[in-house]
Amino acid sequence: MTGLIVAKFGGTSVADFDAMSRCASIVASNQDIKVVVVSASSGVTNYLVRLAKGNMPTNERDAILAHIADIEFSILKKMGNKPELAQALEHLLNELSAIAKESELANSLALQDELLSFGERMSSLLFAEILREHRVHAVNFDVRQVVKTDSSYGKATPDIEQIKHQAETLILPELPHSVFVMQGFIGSDEFGKTTTLGRGGSDYSAALLAESVQASALQIWTDVNGIYTTDPRLTAKARPIPEISFDEAAEMATFGAKILHPATLIPAMRSNIRVFVGSSRDPEAGGTWVAWETEHKPAYRAIALRKEQVLLTLKSPAMLHATGFLAEVFTLLAKHKISVDLITTSEISVALTLDEPTNGNSRKITPTLLAELREIGEVEIEEGLSLVAVIGNHLQATRGVGGNVLSALEKYNLRMICHGASAHNLCFLVRSDDAPGIVEHLHHCLFDN
Ligand code: ADP
Ligand code: ASP
Ligand code: MG
């Protein structure tokens, strides 16, 4: 392990010239930051996602392209006269516009990923120049040469060995001389085609890159000063957590805390890289350190909320006293590449939750899957649900935990409860309409005293 640091700046941190300049000051003031990973400027990926659907009326498409150009050029404008940079930006925007007009776009996931990559490519181009203005010897590096993935466009799986090899060949030898500015979120497959790691994936990119250059720390700079006891948008009482263990933070990310992409901590844990989360608006305010050991291990650390859940219940009276029911169900789900989050079972039924984002490109519960499930038993599907997770330590072995949570929520219908499988979480499924109120009330009961 080296002393070097990888710093990642999220969308709001690189939203405009002033925000980028604040991030540049963070990099310029710490010589150990040798690798910088940037997201697309805030809002740009959302625009690109709309464009990527294809088949859009010309005026709507042109309006979106104009909004994107506006975000990028207003950053450039504040940088003074930079003809070469303007040309490079113009080139990227023209390329983007050509892809947005491709007739194949709606049917080609590969083309959609290519289109989605432009947000990060434009922000790294601009950010590298702003760093140079802060007297940092910065190079804008195309991360697709290093972040090699499979060809699952839209949510590609990184190839850890290849990433390590590419980083050792292309990045490490140059690090003594330069700061590498790279794009989060994107990679490339064996055919050289652009891939993406899924929404919010820049955190994951940064962690993969930190692992591949053997960094000692990964800094995630965002719009809040650390990981909070719950999403500060859900309650004004949420407060930053100074230190949290990998296990707890990983549970938070898995259970929907948007502050970290769910896979971010996997490389950090595997390679023992400390992770810091802080606000690029207020770098002096401190933030959260994520590490193996924490000084305090409170029973309750945080509450996470994961929206857009579906509960699938499968019932088969024929399975009474029979064996192999669950094996059959899970074999089928695995065949359809469905990962299940929570399950509860009884002798003749099993209920499980799935992530089913309403704006997702691909529905998980397809007609084929349903037909195959119906061959096993009666299927019921409930939508409009959210998962609330209480995260902490020794929850399964601490007296009163279940009682505290349940009595706090006596007014609500808890559709399903999972407790005991992990020492770090207690989760329950509730109606999405109730979820924000539940988080706020539970936060009050568990943390505000
Ligand atoms: P970035 O663009 O920097 O990646 P994100 O919007 O993806 O930023 O993540 C930061 C946001 O995550 C915060 O503004 C906050 O609303 C949300 N969030 C959700 N859960 C938490 C939590 N437990 N602590 C802090 N922020 C959280
Ligand atoms: N720009 C991408 C997104 O908005 C990746 C990221 O910001 O992490 O999802
Ligand atoms: Mg994010």
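Keep in mind that the numbers below use all heavy atoms, side chains included, and drop hydrogens, waters and symmetry copies. Order of listing sets the numbers, starting from 1, for every ligand and every atom in it. Bear in mind the structure is a predicted one, so any value in this text is a computation, not a measurement.
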Practice problem: Could you pull out the closest heavy-atom pair between Leu116 and Leu48, with the gap in Å? | Solution: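 Reported closest heavy-atom pair: O-CD1, 3.6 Å.
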Self-check item: Nearest heavy-atom neighbours spanning Ile417 and Leu414
Solution: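 Closest pair (atom of Ile417, atom of Leu414, distance): CD1-CD1, 3.9 Å.
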Which of the numbered atoms in ligand 2 are under 4.0 angstrom from any heavy atom belonging to [X]?
X: Ser39; result: 6 (C), 7 (O), 8 (O)
X: Arg199; result: 3 (C), 4 (O), 9 (O)
X: Glu120; result: 1 (N), 2 (C), 5 (C)

Quiz item: Between CG of Leu85 and CD1 of Ile130, what distance do you get to the nearest 0.5 Å?
Solution: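 Atom-to-atom, Leu85:CG and Ile130:CD1 are 9.0 Å apart.
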Practice problem: With rounding to the nearest 0.5 Å, note down the distance linking OG in Ser205 to CD in Gln183. | Solution: 9.5 Å
Self-check item: Identified side-chain hydrogen bond (donor to acceptor under 3.5 Å, both in side chains) counterpart of Tyr228 within the set Thr230, Asn225, Asp231
Solution: Asn225
Practice problem: Mark yes or no: Arg121 above the aromatic ring of Phe118, with NZ or CZ under 6.0 Å from the six-membered ring centre and no more than 45 degrees from the axis. | Solution: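 Here Arg121 passes the 6.0 Å and 45° test against Phe118.
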Practice problem: Determine, using heavy atoms of Gly201 and all atoms of ligand 2, whether some pair is separated by less than 4.0 Å. | Solution: yes
Quiz item: Is Gly11 near ligand 2, meaning one of its heavy atoms is under 4.0 Å from it?
Solution: no
Quiz item: Do any nitrogen or oxygen atoms of Phe185 come within less than 3.5 Å of a nitrogen or oxygen of ligand 2?
Solution: no
Quiz prompt | Polar atom proximity, Thr45 to ligand 2 (N or O, under 3.5 Å) | solution =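 N/O-N/O distance under 3.5 Å: yes.
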Exercise. Decide yes or no on salt bridge (Lys or Arg N to Asp or Glu O under 4.0 Å) for Asp355 and Arg306, but give the supporting numbers first.
Key: CA-CA 9 Å; Asp355 235 1; Arg306 188 153 139 185; 3.3 Å; yes
Quiz item: Listing by chain and number, which residues have a heavy atom under 4.0 Å from ligand 1?
Solution: Lys8, Gly10, Gly11, Thr222, Asp223, Val224, Gly226, Ile227, Tyr228, Thr230, Asp231, Pro232, Arg233, Met252, Ala257, Lys258, Ile259
Exercise. Please write down residue, atom name and distance for the protein heavy atom closest to atom 6 (C) of ligand 2.
Key: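 Going by distance alone, atom 6 (C) of ligand 2 is nearest to Ser202 OG, 3.3 Å.
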Exercise. Taking the side chain as every heavy atom from C-beta outward, state whether Arg301 and His424 have any atom pair closer than 4.5 Å.
Key: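 No, every pair of side-chain atoms sits at 4.5 Å or beyond.
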Quiz item: Is any side-chain heavy atom of Met252 less than 4.5 Å from a side-chain heavy atom of Leu260?
Solution: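 Met252 does not reach Leu260 side chain to side chain.
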Quiz item: When Thr264 is tested against each of Ile259, Val275, Asp203 for side chain to side chain contact (heavy atoms under 4.5 Å, CB included), which residue passes?
Solution: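 By the side chain to side chain contact (heavy atoms under 4.5 Å, CB included) criterion, Thr264 pairs with just one of Ile259, Val275, Asp203: Asp203.
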